[in-house]
Structures are given as structure tokens and as C-alpha cells.
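Atoms considered below: every heavy atom in the structure, side chains included; atoms not considered: hydrogens, waters and symmetry mates.
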Amino acid sequence: MEPAGPEQVTELLLRWRAGDQECLNRLLPQVEGELRRIAHRYMRMERRGHTLQTTALVNEAYLKLVDQTQVDWQNRAQFLGVAARLMRHILVDHARALCRGKRGGGAHVLPLDEGLVFSPQKSAALVALDDALNELAGFDARKAQVVELRYFGGMSVEETAETLGVHPNTVIRDWRLARIWLWRELNPKGAHAG
């Protein structure tokens, strides 16, 4: 099946929101490639031998997306943003289950850039990043959303701006400031950048 353009996906989302359940069956094959891309990006950041695979992550996200009856679907970018958030939560829940009893140990240095390379304690690092993102969202939800969409969702500045309804320059500024704040939160006191 040839992938649908953003306008076709938006039309299917709007019809699904209006109650046409058949549109969901037509929508998911259209966005499956993009969901797999997001899932693959997440899984690349995970430790080797992770018990979840890309397909399982897409399937789990699909089940959660179908349950999203309260979302006021607007467009493809918003849909993919919600999918990225759901995938993040699935992986964080999995990581939390693995890290029970290990919390509160040492702090892990976590470089925040597009080429992120995790330490061997990837699950603990993901949990720490999720905790920091939740804290950031508590006082600046948009900056947390920018990180989620850019870093986890793999969206461009323009796609992120479209999803959030802001100018691309706002996304660039929020991305820069959020990365600085997160770096300070995730690095132990006295650690040097570089």
C-alpha cells in the first residue's frame, strides 16, 4: 500500500474522531512505516538484548492508540507525537520494572544530543530522563513536548512546530533551553560538560 500524504492521514483522523471506525483500519496501514521509524529510533537507544522488539513496541502502541478516545485528533503530526509519547511510556514502564530496587543509586551521566549513546545502564538512564522530563513538564510543558517530539519522536523542527502550533524558531529556542536544563538535571553535581 502506498503511503498516504499528510492531508490524507489528517482526513482519516478527522473522520475517525467523528466516529467512523473504518477509518482507523485504513489509517494504521498508512502510518505503520512512520510508527516503525519512531519505534526503531527508540529501540536503537535501548540496551542490547532488550526484551521488547520494534514490532512489539509498535503493536503495544497501536493498542494504546486505539484506546485514545479522548484525543481531539487534528493532524498527522499530532498523531505521531501521541504515538511517540505512548512508546516512550511503554519503554519507561518496562525500564522501571527492570530497575526496581536499583533506584537512588549513583547518578548516570546522560549526554543529550541527537547522537545519544547510553551507558550500559540504559534502562536506569531512560527512567532518569523520563523523571526529568516529567519535572520539566511540571513547569514548562511545551519544552518537555519539544524534547519528546524531537528526541524520541525523531521529528524535524518544522514537524514539531506544526504539531505544537508554534513558529520553528520557538522550537529551536525551546529545544536548546530544554537540553541545557535536562543536562543540568541528569548530570551529577560537579560533572563537567565536554
Side-chain angles (χ1 to χ4, degrees), residues 1-98 114-116 118 122-123 125-127 129-130 133-134 137 141-142 144-166 168 171 175:
M1 175 177 282
E2 188 173 316
E7 298 81 18
Q8 293 168 308
V9 170
T10 298
E11 176 65 26
L12 289 170
L13 282 167
L14 295 174
R15 289 176 51 198
W16 177 35
R17 181 182 75 189
D20 184 349
Q21 292 302 309
E22 179 56 32
C23 285
L24 179 62
N25 295 332
R26 292 178 43 215
L27 171 70
L28 291 171
Q30 298 295 328
V31 295
E32 182 180 6
E34 291 177 275
L35 293 175
R36 287 189 164 287
R37 177 185 56 82
I38 293 168
H40 182 72
R41 182 175 171 94
Y42 272 112
M43 297 311 295
R44 272 194 345 226
M45 295 183 283
E46 286 296 321
R47 70 190 182 290
R48 289 179 191 222
H50 195 285
T51 56
L52 285 177
Q53 300 297 317
T54 300
T55 300
L57 184 56
V58 169
N59 290 341
E60 186 77 21
Y62 167 77
L63 293 173
K64 291 185 181 294
L65 281 165
V66 171
D67 267 354
Q68 298 296 310
T69 56
Q70 302 302 322
V71 176
D72 185 19
W73 296 114
Q74 300 295 318
N75 56 41
R76 173 191 147 276
Q78 179 209 22
F79 178 82
L80 294 174
V82 170
R85 179 178 304 123
L86 290 171
M87 287 182 198
R88 177 180 134 222
H89 289 287
I90 292 164
L91 288 171
V92 168
D93 289 345
H94 186 76
R96 284 188 197 286
L98 291 175
E114 286 85 352
L116 179 72
F118 279 116
K122 289 180 179 183
S123 292
L126 181 60
V127 170
L129 178 56
D130 184 64
L133 270 177
N134 288 333
R142 190 181 68 213
Q145 288 176 310
V146 166
V147 172
E148 189 169 80
L149 295 171
R150 299 259 2 249
Y151 179 74
F152 291 108
M155 289 188 179
S156 68
V157 168
E158 292 74 20
E159 290 171 320
T160 302
E162 177 188 347
T163 299
L164 298 177
V166 298
V171 171
W175 175 238

Nearest-0.5 Å distance, [atom1] of residue [X] to [atom2] of residue [Y]:
{"X": "M155", "Y": "L80", "atom1": "CE", "atom2": "CG", "answer": "5.0 Å"}
{"X": "L27", "Y": "R15", "atom1": "CG", "atom2": "CZ", "answer": "11.0 Å"}
{"X": "R26", "Y": "L28", "atom1": "CZ", "atom2": "CG", "answer": "12.0 Å"}
{"X": "C23", "Y": "Q30", "atom1": "SG", "atom2": "CD", "answer": "11.0 Å"}
{"X": "Q8", "Y": "L12", "atom1": "CD", "atom2": "CG", "answer": "7.5 Å"}

Run the side-chain donor-acceptor check on residues 56-64: report pairs under 3.5 Å with partners two or more places apart or on a different chain.
| unit_1 | atom_1 | unit_2 | atom_2 | d |
| --- | --- | --- | --- | --- |
| N59 | ND2 | T55 | O | 3.3 |

Checklist entry - Sequence neighbours excluded, which residues qualify as salt bridge (Lys or Arg N to Asp or Glu O under 4.0 Å) partners of R142? => result D174
Checklist entry - Of all residues at least two apart in sequence or in a different chain, which pass the salt bridge (Lys or Arg N to Asp or Glu O under 4.0 Å) check with E32? => result R36
Quick check: do [X] and [Y] have side-chain heavy atoms less than 4.5 Å from each other?
{"X": "F79", "Y": "L65", "answer": "yes"}
{"X": "L35", "Y": "M87", "answer": "yes"}
{"X": "R88", "Y": "D130", "answer": "yes"}

Next on the checklist: According to side-chain hydrogen bond (donor to acceptor under 3.5 Å, both in side chains), who are the partners of R17, at least two apart in sequence or on a separate chain?
Outcome noted: D72
Checklist entry - Taking only residues two or more places apart in sequence, or in another chain, which ones meet N75 in a side-chain hydrogen bond (donor to acceptor under 3.5 Å, both in side chains)? => result none
Item to check | Qualifying salt bridge (Lys or Arg N to Asp or Glu O under 4.0 Å) pairs, either residue in residues 77-86, two or more places apart | outcome: R85-E148
Item to check | Minimum heavy-atom distance A77-T163, with the two atoms named | outcome: CB-OG1, 2.8 Å
Next on the checklist: I'd like to know whether R150 forms a side-chain contact (heavy atoms from CB on, under 4.5 Å) with V171, so could you lay out the CA-CA distance, the side-chain angles of the two residues, the decisive distance to 0.1 Å, and finally the verdict.
Outcome noted: CA-CA 9 Å; R150 299 259 2 249; V171 171; 4.0 Å; yes
Item to check | Non-neighbouring partners of W16 that pass ring pair (Phe, Tyr, Trp, His ring centres under 6.0 Å), sequence neighbours left out | outcome: W73
Checklist entry - Counting only N and O atoms by type, is there a donor-acceptor contact under 3.5 Å from the side chain of E34 to the main-chain atoms of V31? => result no
Next on the checklist: N25: which residues meet the side-chain contact (heavy atoms from CB on, under 4.5 Å) condition with it, sequence neighbours left out?
Outcome noted: E22
